[in-house]
Each structure stands twice: as C-alpha cells, then as structure tokens.
Amino acid sequence: QVQFVESGGGFVQLGGSLRLSCVASGIIFSNYRMGWYRQAPGKQRELIASIATDHSTFHRDSVKGRFTISRDNGKNTVYLQMNSLKPEDTAVYYCRAFGSASWGQGTQVTVSS
C-alpha cells in the first residue's frame, strides 16, 4: 500500500533550521509531483511547497526564501529544508504525492520565541 513516512521535526528557537525528510513507498516515486503540507493547531492543513517530476518547484509566499523543497528519486525521498524558522511555522508537517489519498503520521515542528 501507499505510505509516506515523515521525519526530522523537533523543537528549535526563533531563527533556527530543520531539514524534514519523507520516504514514500507503494508508488513509482519519480512519476509523482510531491508536496509538503502543514497543519497548525486550530487551522486547516495547507500546501506549503511542491516539486514536480521535472524538479520545478512551488513555494507558498509565507515560506518563500526560507524553505526549499527537493527530491531524490533514487531514495524515494522528498526533503524540506527550513531556515529562519518563526513561531508561526509551528505545525505538524506532512508529505503526500499529488493524487494520493494516503497521509503519513506527520512530524511535529515547534519554534519558540
């Protein structure tokens, strides 16, 4: 079955950095556009970055210039490098292939001021 396993979250201070990883299985990874999403307490889950099969990227305005999505098709893995973190980045972060109905367990990112 299709699975996404996220890792790399943690607790950091304002201005810190984290690198999230997501390993996908059950799909031909290189055929799919991949996305990183986040859900903050009391808010809806939102797409913050995506990377297409040709490695072209989209980053939401709120993270543009601070976060970078990348992928390694040989490892079935998508990454999210997060720099200059802010308290408003605190959320559970998820990855998913576009068109998939599956979600992973997510990884918690907490940024303190």
Side-chain angles (χ1 to χ4, degrees):
Q1 70 275 25
V2 178
Q3 285 191 320
F4 305 103
V5 180
E6 303 92 344
S7 62
F11 183 93
V12 295
Q13 292 188 329
L14 174 67
S17 297
L18 286 172
R19 188 193 194 205
L20 306 184
S21 299
C22 170
V23 179
S25 60
I27 59 171
I28 302 174
F29 182 79
S30 58
N31 288 356
Y32 284 85
R33 185 180 190 98
M34 296 297 298
W36 277 101
Y37 302 74
R38 70 184 180 188
Q39 187 166 18
K43 295 189 176 181
Q44 288 191 331
R45 194 170 299 186
E46 63 177 3
L47 176 69
I48 57 169
S50 67
I51 184 165
T53 56
D54 65 357
H55 290 238
S56 60
T57 61
F58 156 81
H59 294 84
R60 197 176 188 90
D61 283 350
S62 57
V63 306
K64 199 173 292 184
R66 300 187 299 121
F67 293 9
T68 304
I69 190 171
S70 62
R71 66 190 297 161
D72 184 337
N73 290 340
K75 295 182 179 180
N76 283 11
T77 301
V78 60
Y79 303 98
L80 187 67
Q81 178 66 44
M82 306 189 297
N83 299 327
S84 302
L85 283 161
K86 306 175 181 179
E88 51 264 44
D89 295 318
T90 294
V92 180
Y93 286 71
Y94 304 86
C95 79
R96 193 175 70 162
F98 275 51
S100 171
S102 299
W103 290 99
Q105 83 288 348
T107 187
Q108 175 71 48
V109 172
T110 304
V111 185
S112 73
S113 56

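- Heavy-atom minimum distance, Thr77 versus Ser21: CG2-CB, 4.3 Å.
- A donor-acceptor distance shorter than 3.5 angstrom exists from the side chain of Arg71 to the backbone of Ala52, with no hydrogens or angles considered.
- Using bins of under 30°, 30° to 60° and over 60° for the plane-to-plane angle, the ring pair Tyr37/Trp103 lands in the perpendicular bin.
- Not a single donor-acceptor pair under 3.5 Å links the side chain of Gln108 to the backbone N or O of Gly9.
- Residues satisfying the side-chain hydrogen bond (donor to acceptor under 3.5 Å, both in side chains) test with Lys75, not counting sequence neighbours, are none.
- Here the closest non-hydrogen pair linking Val2 and Ser100 is CG1-OG, 3.8 Å.
- Using a 4.5 Å heavy-atom cutoff, the side chains of Thr110 and Val12 are not in contact.
- No continuous path of hydrophobic side-chain contacts links Tyr94 to Phe4 [ILVMFWY only; heavy atoms under 4.5 Å].
- Side chain to side chain, Asn83 and Ser17 meet the donor-acceptor criterion of an N or O pair below 3.5 Å.
- A heavy-atom distance below 4.5 Å is found between the side chains of Leu80 and Ile48.
- Checked against side-chain hydrogen bond (donor to acceptor under 3.5 Å, both in side chains), Ser102 has no partners two or more places apart in sequence or in another chain.
- Distance CZ/Arg66 to CD/Gln81: 12.0 Å, rounded to 0.5 Å.
- With sequence neighbours left out, the side-chain contact (heavy atoms from CB on, under 4.5 Å) criterion links Ser112 to Phe11, Gln13.
- With Phe67 as the aromatic partner, Arg60 does not meet the cation-pi criteria of under 6.0 angstrom to the ring centre and within 45 degrees of the ring axis.
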Checklist entry - Can you check ring-ring contact (aromatic ring centres under 6.0 Å, His included) on Tyr79 and Trp36, steps first, answer last? => result CA-CA 9 Å; Tyr79 303 98; Trp36 277 101; 8.9 Å; no
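- Scanning all heavy atoms of the two residues, the minimum distance from Val92 to Gly106 falls at CG1-CA, 3.9 Å.
- The nearest pair of heavy atoms linking Ser50 to Leu47 is CB-CD1, 4.5 Å.
- Of the inter-residue distances, the one linking Asp72 atom CG with Ser30 atom OG reads 11.5 Å to the nearest 0.5 angstrom.
- Annotation: the span from Ser70 atom OG to His55 atom NE2 amounts to 9.0 Å, rounded to 0.5 Å.
- Atom CG of Asn73 sits about 10.0 Å away from atom CE of Met34, to the nearest 0.5 Å.
- At a threshold of 4.5 Å between non-hydrogen side-chain atoms, the residues Leu18 and Val109 count as touching.
- One finds the NZ atom of Lys64 at 9.0 Å from the OG1 atom of Thr57 (value rounded to the nearest 0.5 Å).
- With rounding to the nearest 0.5 Å, the separation of CG in Leu20 from CD1 in Ile69 is 10.5 Å.
- Considering only residues two or more places apart in sequence or on other chains, Asp54 meets the salt bridge (charged side-chain N to carboxylate O under 4.0 Å, His left out) condition with none of them.
- Residues His59 and Ala49 approach most closely at CD2-CB, 3.8 Å, considering heavy atoms.
- With sequence neighbours left out, the side-chain hydrogen bond (donor to acceptor under 3.5 Å, both in side chains) criterion links Asn31 to no other residue.
- Around the CD atom of Gln44, the shell of radius 6.0 Å holds no more than 12 heavy atoms that belong to other residues, nucleotides or ligands.
- Using a 4.5 Å cut-off on side-chain heavy atoms (C-beta onward), Ile51 and Ser56 make no contact.
- Note on residues 17-45: pairs passing salt bridge (Lys or Arg N to Asp or Glu O under 4.0 Å), not counting sequence neighbours, are Arg38-Glu46, Arg38-Asp89.
- Between the side chain of Glu6 and the backbone N or O of Cys95 there is at least one donor-acceptor pair closer than 3.5 Å.
- Counting heavy atoms from C-beta on, the side chains of Met82 and Val111 never come closer than 4.5 Å.
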